[in-house]
2 protein chains.
Amino acid sequence: MNRCSDESDVADRGACEVPLIDERATARALAALPDEGGVRTLSDMYSALSDRTRLRILLALAAEELCVCDLAAITGVSPSAISHQLRLLRDRDLVTFERVGKRAVYRLADEHVAILLEQGLRHVEERS
Amino acid sequence: MNRCSDESDVADRGACEVPLIDERATARALAALPDEGGVRTLSDMYSALSDRTRLRILLALAAEELCVCDLAAITGVSPSAISHQLRLLRDRDLVTFERVGKRAVYRLADEHVAILLEQGLRHVEERS
DNA sequence: TGAACGTATGAACAGATGTTCAGATGAGAG
DNA sequence: CTCTCATCTGAACATCTGTTCATACGTTCA
């Protein structure tokens with residue numbers, strides 16, 4: 001079903017499931033790909049931004065430090081749901097928080113997050 | 001359960017479900033938020049990049065024009081699954097394709113996509 | 001101390017998502 | 001024409017994901 005050329009380590013995880021059309025281009029593309037860990041990290045970062053609620057949380061925090069309650073009001077989502085999402089964003093190191101009395105005041109973890117959001121918004125504008 | 005100040009249109013979709021702590025900050029953050037359509041578009045873009053298979057497809061296409069078969073070999077995923085994902089990427093205007101005989105040669109839709117990927121990779125590097 | 005509040009957490013549920021499978025389409029080779 | 005190949009498609013399936021609900025925790029204030 002395939003000529004199974006073992007010269008290039010193309011997708012050697014499953015060993016030759018699919019025939020290659022353009023071996024050269026395939027080899028080059030494969031070489032250009034980040035390692036599996038890098039791809040995973042990148043997709044994890046994007047998936048954190050792929051939900052409307054989380055995205056509005058981050059965009060709001062890009063403008064102001066806010067507590068759970070206010071974020072709930074801004075997004076129109078229950079405080080519980082917000083708390084769950086904030087936990088995910090914390091695990092991804094996208095936000096940090098500080099306890100102030102009974103409140104938990106959240107902010108973006110670092111400047112890179114704000115830059116990332118801004119770049120994303122710019123791309124959306126440019127391709128309309 | 002809430003004082004329901006109707007001065008600010010905070011989350012008026014559900015009408016006052018949650019009390020506000022810091023009204024000023026909440027109002028400012030809400031004003032800074034893009035409209036619902038913008039948030040939707042942005043999250044859609046990110047969700048297209050949030051899957052490992054799709055991400056590897058795009059990263060591979062950033063290096064080389066490739067057909068479905070070669071993308072299947074590169075990612076180690078079946079041609080059928082690749083085709084499904086390419087359809088999604090086409091619908092999101094992230095890739096285009098050209099028929100060459102029986103093959104379908106895919107490429108990134110425009111330069112913005114390549115830039116977006118590169119920026120994402122850079123962010124992943126910087127925050128390690 | 002006790003009540004109210006802001007937040008966190010785990011289980012449960014519904015809806016979304018990615019892959020597989022079987023089958024169809026269209027182009028090129030014999 | 002017929003067969004093969006590359007690709008596409010829809011249904012089925014299992015898994016993942018986001019919200020809700022009930023509940024628990026820690027802080028503040030009376």
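Here is the naming used below: chain letters follow the sequence lines, and residue numbers restart at 1 for every chain.
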> Using the ring of each side chain (for Trp, its six-membered ring), is B:Phe97 parallel, tilted or perpendicular to B:Tyr106, with breaks at 30° and 60°?
Replying inline: parallel
> Parallel, tilted or perpendicular: which fits the ring planes of A:His112 and B:His123, with parallel below 30° and perpendicular above 60°?
Replying inline: perpendicular
>> Within the structure provided, determine whether A:Ile82 and A:Thr53 are in side-chain contact (heavy-atom separation under 4.5 Å).
In response: yes
Out of curiosity, [X] [atom1] to [Y] [atom2], how far, rounded to the nearest 0.5 Å?
| X | Y | atom1 | atom2 | value |
| --- | --- | --- | --- | --- |
| A:Arg56 | B:Leu30 | CZ | CG | 9.5 Å |
| A:Arg127 | B:Leu94 | CZ | CG | 5.5 Å |
| A:Met45 | A:Asp93 | CE | CG | 13.0 Å |
| B:Glu65 | B:Asp70 | CD | CG | 12.0 Å |

> Which residues in residues 92-108 of chain B have at least one heavy atom lying under 4.0 Å from any atom of DNA chain C?
Replying inline: B:Gly101
Write down the distance between [atom1] ([X]) and [atom2] ([N]), rounded to a whole number of angstrom.
| X | N | atom1 | atom2 | value |
| --- | --- | --- | --- | --- |
| A:Ile82 | C:dT9 | CD1 | C1' | 16 Å |
| A:Leu86 | D:dT19 | CG | P | 11 Å |
| B:Ile21 | D:dT28 | CD1 | P | 13 Å |
| A:Ile57 | C:dT7 | CD1 | C1' | 14 Å |
| B:Leu66 | D:dT7 | CG | P | 11 Å |
| B:Asp91 | C:dT17 | CG | C1' | 15 Å |
| A:Asp22 | D:dA6 | CG | P | 13 Å |
| B:Leu49 | C:dG18 | CG | P | 12 Å |

> Start at the 5' end of DNA chain C and walk down; is the nucleotide closest to B:Leu88 or to A:Cys67 reached first?
Replying inline: A:Cys67
> Between the side chains of A:Ser43 and B:Arg54, does any donor sit under 3.5 Å from an acceptor?
Replying inline: no
>> Can you give me the closest heavy-atom contact between A:Ala62 and A:Leu108, atom names plus distance?
In response: CA-CD1, 3.7 Å
> Within the structure shown, what part of the strands sits under 4.0 Å from B:Arg52 by heavy-atom distance: base, sugar-phosphate, or nothing?
Replying inline: nothing
Presence of [X] side-chain N/O under 4.0 Å of [N] phosphate oxygens OP1/OP2:
| X | N | value |
| --- | --- | --- |
| B:Ser83 | D:dT7 | no |
| B:Gln85 | C:dT17 | no |
| A:Thr53 | D:dT19 | yes |

For nucleotides 10-14 of chain D, tabulate all protein N/O to nucleotide N/O atom pairs closer than 3.5 Å, reporting atom names and distance.
residue : atom : partner : partner atom : Å
D:dG10  : O6   : B:His84 : NE2          : 2.7

